[in-house]
Amino acid sequence: NGDLVNDQLQISFDVQRLTAARPIAVEVFDLGGRLLRRIEQSAVSGGYSQNWDGRAEKGKLVAPGLYLVRVAVDADAANSAQVRLVSVAY
């Protein structure tokens with residue numbers, strides 16, 4: 001809501017067993033499955049974090065409610081992804 005208190009979600013994750021840098025995507029979906037935000041970076045094995053400011057791609061704040069956060073990596077042997085439920089409240 002812009003008051004600088006709890007205005008960002010810190011998404012922390014570990015990447016293991018990569019032999020070279022790979023693309024990682026942090027994606028936010030509404031419960032209808034629509035992609036609202038995608039944050040990409042390249043990573044090797046290690047710990048990472050990414051912040052989400054509660055905004056969709058075009059900069060508009062999302063409405064209060066439940067959202068799915070998906071972290072996906074194109075790994076050496078296979079693709080892998082984890083999904084978690086987060087809530088947004090103002």
message: So V73 and F13, do their side chains get closer than 4.5 Å, heavy atoms only?
response: no
message: With a 4.5 Å cut-off on side-chain heavy atoms, are V86 and I11 touching?
response: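 Side chain of I11 against side chain of V86, heavy atoms only: no contact under 4.5 Å found.
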Using the side chain to side chain donor-acceptor pair (under 3.5 Å) criterion, which residues pair with [X]? Sequence neighbours excluded.
X: S49; value: Q10
X: E57; value: none
X: Q16; value: none

- prompt: Are V83 and I24 connected in the hydrophobic side-chain network, where two residues link if heavy atoms are under 4.5 Å apart?
  reply: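 No.
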ILVMFWY network linking L9 to F29, side-chain heavy atoms under 4.5 angstrom: no
task: Locate the shortest heavy-atom distance separating P64 from A89; write the atom from each residue and the value.
output: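 Of all heavy-atom pairs spanning P64 and A89, the closest is CB-CA, 4.4 Å.
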- prompt: If every non-hydrogen atom of S45 is compared with every non-hydrogen atom of L18, which pair is closest and at what distance?
  reply: OG-N, 2.8 Å
Side chains of residues 30-38: which donor-acceptor pairs under 3.5 Å do they make with residues two or more places apart or in other chains?
residue: D30; atom: OD1; partner: G32; partner atom: N; Å: 3.0
residue: D30; atom: OD1; partner: G33; partner atom: N; Å: 3.1
residue: D30; atom: OD1; partner: R34; partner atom: N; Å: 2.9
residue: D30; atom: OD2; partner: R34; partner atom: NE; Å: 2.9
residue: D30; atom: OD2; partner: R34; partner atom: NH2; Å: 2.9
residue: R37; atom: NH1; partner: D53; partner atom: OD1; Å: 3.0
residue: R37; atom: NH1; partner: R55; partner atom: O; Å: 3.2
residue: R38; atom: NE; partner: E40; partner atom: OE2; Å: 3.3
residue: R38; atom: NH1; partner: E27; partner atom: OE2; Å: 2.1
residue: R38; atom: NH2; partner: E40; partner atom: OE2; Å: 3.0

task: Kindly determine whether L68 and L85 satisfy side-chain contact (heavy atoms from CB on, under 4.5 Å), including the steps that lead there.
output: CA-CA 5 Å; L68 299 171; L85 187 66; 3.7 Å; yes
- request: Tell me, please, which residues at least two apart from V88 pass side-chain contact (heavy atoms from CB on, under 4.5 Å).
  value: W52, V62, Y67, Y90
task: Scan for salt bridge (charged side-chain N to carboxylate O under 4.0 Å, His left out) pairs involving residues 79-90, sequence neighbours excluded, and state none if there are none.
output: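 Non-adjacent pairs meeting salt bridge (charged side-chain N to carboxylate O under 4.0 Å, His left out): zero.
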